[in-house]
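Model, not experiment: these values are computed from the prediction. Order of the sequence lines sets the chain letters (A, B, ...), proteins ahead of strands, with each chain counted from 1.
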2 protein chains.
Amino acid sequence: MPPPPVSAEFKSDVDQVLEAIIYLYTESRRLTKELARRADLTGPQLTVVKMLEQIGDLSLSELSERIRAQNSTVTGIIDRMERENLVTRERSKEDRRVVYIRLTAKGRKLAEEIPVEPMEIFRGALESLSAAEVRDLVKILGKVARRVRQSVRRETAEGDSGKG
Amino acid sequence: MPPPPVSAEFKSDVDQVLEAIIYLYTESRRLTKELARRADLTGPQLTVVKMLEQIGDLSLSELSERIRAQNSTVTGIIDRMERENLVTRERSKEDRRVVYIRLTAKGRKLAEEIPVEPMEIFRGALESLSAAEVRDLVKILGKVARRVRQSVRRETAEGDSGKG
DNA sequence: CGGCATTATTTAGCGTGCGAAATATCCGTC
DNA sequence: GACGGATATTTCGCACGCTAAATAATGCCG
């Protein structure tokens, strides 16, 4: 099964940028997943384990903020990790609504055994760029992100209150 | 609920690039989903409807290749779309293994009613860049993607055959 | 103190998304 | 024309990932 030659010369610049971003994002997820599988973890579980190792205990909300997922999503992830004895839940004493997620010994051991952070390859590729290239990339991508954010704000305002 | 000020000046360039890419990707998905909801569709369903409208009938494999998902994933999406009477499955006469996915009248009408393509905002933001900026972006992102691809090949080779 | 909006987490329901195995069909070869 | 390897699709089981609603605890205000 030969890989399909993407024939980029027939695509517009915009399409190429889109494709690169989609590729980079999905590939980074695939990589995390690949790495995780060697430790019998899933992608998100590896992310959580590494995060707890580096930062220490986190409340569920803090955790979901950092991995950019909804609380309800993280609840499920933590459920499964608790089942596998990788983390424990501990009610906060100051605010009994809060649950802290803590690595178990097993979880910590696992985290230490995994040599690279998730996204390491991704990061490595970015770091192999020249300083000027990184600067340009930051500048241009930042600009794109800002414009998207503006358009989004306009879009959602239309769909919601009126004026559309 | 004020949006959290991201304070980008404390992040490394690499982190900023990562963050921008993640933001752009997830935002583009969120936008598609948002758009879709107005037509009572899900994100992937909107993508499929628009794709079939523009390209015409596609086999399930062609479809899954274009939306970058596994066949098994697309089978499920098409199942639900068929249930909603948006598409039909038709066995190919030449090769009876192949199933063509075709828009129903209802599906086509829906596709026509949705004014913007998915990713339109995303595309608009990219098009608002200067030609030079787009050129740079294509060049640098392409380079990053190539390096990632190389590292990936190395990684997976290690994990598989040996030498790791 | 009692009520009430707010906040943290969980539950429920649904739709992806994947990998592996099952099914059906095609194709080349004998 | 049967056989065996390839190809297209589906089925199965599991893990996200989301929204909306439920639950539990906090803090404020009178």
Side-chain angles (χ1 to χ4, degrees), chain A residues 1-2 4 22 25-27 29-34 36-37 40-49 57-84 86-101 118, chain B residues 1 22 25-27 29-34 36-37 40-49 57-84 86-101 118 156 160:
Chain A
M1 185 188 3
I22 292 173
Y25 181 87
T26 54
E27 193 59 39
R29 296 237 309 188
R30 190 187 312 279
L31 282 169
T32 302
K33 207 169 162 185
E34 179 72 22
R37 223 162 44 118
D40 267 312
L41 294 176
T42 66
Q45 287 174 6
L46 172 53
T47 305
V48 168
V49 156
D57 302 357
L58 286 172
S59 78
L60 191 128
S61 302
E62 289 165 343
L63 197 51
S64 42
E65 206 173 300
R66 282 177 192 267
I67 71 176
R68 292 162 184 277
Q70 299 303 114
N71 286 345
S72 54
T73 300
V74 178
T75 293
I77 294 171
I78 297 302
D79 281 351
R80 289 177 288 271
M81 291 179 75
E82 214 176 6
R83 196 175 63 204
E84 298 297 326
L86 296 168
V87 297
T88 57
R89 281 180 163 93
E90 299 193 21
R91 279 272 167 217
S92 162
K93 299 231 159 96
E94 300 91 45
D95 185 342
R96 286 163 46 78
R97 291 170 303 181
V98 174
V99 171
Y100 284 107
I101 316 299
Chain B
M1 184 189 1
I22 291 172
Y25 181 86
T26 54
E27 194 58 39
R29 296 239 307 188
R30 189 187 313 278
L31 282 169
T32 302
K33 206 168 160 185
E34 179 73 22
R37 223 162 44 118
D40 267 313
L41 294 175
T42 66
Q45 286 174 5
L46 171 54
T47 305
V48 167
V49 157
D57 301 358
L58 286 173
S59 77
L60 191 129
S61 302
E62 289 165 343
L63 196 51
S64 42
E65 207 173 301
R66 282 178 192 266
I67 72 177
R68 292 163 184 277
Q70 298 304 114
N71 286 345
S72 53
T73 300
V74 178
T75 292
I77 294 170
I78 297 302
D79 282 351
R80 289 178 288 270
M81 291 180 76
E82 212 177 6
R83 195 175 65 204
E84 298 298 325
L86 297 168
V87 297
T88 57
R89 280 181 164 94
E90 297 193 22
R91 280 272 169 218
S92 162
K93 298 227 160 97
E94 299 93 44
D95 185 341
R96 288 164 44 78
R97 291 169 303 180
V98 174
V99 170
Y100 283 107
I101 315 300
T156 50
D160 223 16

Between the base of D/dT26 and the side chain of A/Arg97, is there any donor-acceptor pair under 3.5 Å? no

Does [N] have OP1 or OP2 under 4.0 Å away from a side-chain N or O of [X]?
X	N	answer
B/Arg96	C/dA24	no
A/Arg91	C/dA8	no
A/Thr42	D/dC16	yes
B/Arg29	C/dG17	yes
A/Thr73	D/dC16	no

Mind checking [X] for me? I need base, sugar-phosphate or nothing, with any heavy atom below 4.0 Å counting as a touch.
X	value
A/Asn71	base
B/Gln70	sugar-phosphate
B/Thr75	base
A/Glu62	nothing
B/Arg30	nothing

Other residues, nucleotides and ligands only: do more than 12 of their heavy atoms fall within 6.0 Å of CZ on B/Arg30? no

[N] [atom2] sits how many Å from [X] [atom1], rounded?
X	N	atom1	atom2	answer
A/Ile67	D/dC16	CD1	P	9 Å
A/Arg89	C/dA8	CZ	C1'	12 Å
A/Ile77	D/dC18	CD1	C1'	12 Å
B/Asp79	D/dC12	CG	C1'	13 Å
B/Arg83	D/dT10	CZ	C1'	16 Å
B/Lys33	C/dT16	NZ	C1'	10 Å
A/Leu60	D/dA25	CG	C1'	16 Å
A/Gln45	D/dA15	CD	C1'	8 Å

Nearest-nucleotide wise, let me know which of B/Ala69 and A/Ser72 is further upstream toward the 5' end of DNA chain C. A/Ser72

When you measure from the side chain of A/Arg91 to the backbone of A/Arg97, do you find a donor-acceptor pair of N or O atoms at a distance under 3.5 Å? yes

Taking all non-hydrogen atoms of both residues, which atom of [X] and which atom of [Y] are closest, and how far apart?
X	Y	answer
B/Met81	B/Val49	CE-CG2, 3.5 Å
B/Gly43	B/Ala36	N-CB, 3.9 Å
A/Asp95	A/Ser92	N-OG, 3.2 Å
A/Ile101	A/Val87	CG2-CB, 3.9 Å

Let me spell it out: for each of B/Arg37 and A/Pro44, pick the nucleotide of DNA chain D with the closest heavy atom. Which residue's pick is nearer the 5' end? A/Pro44

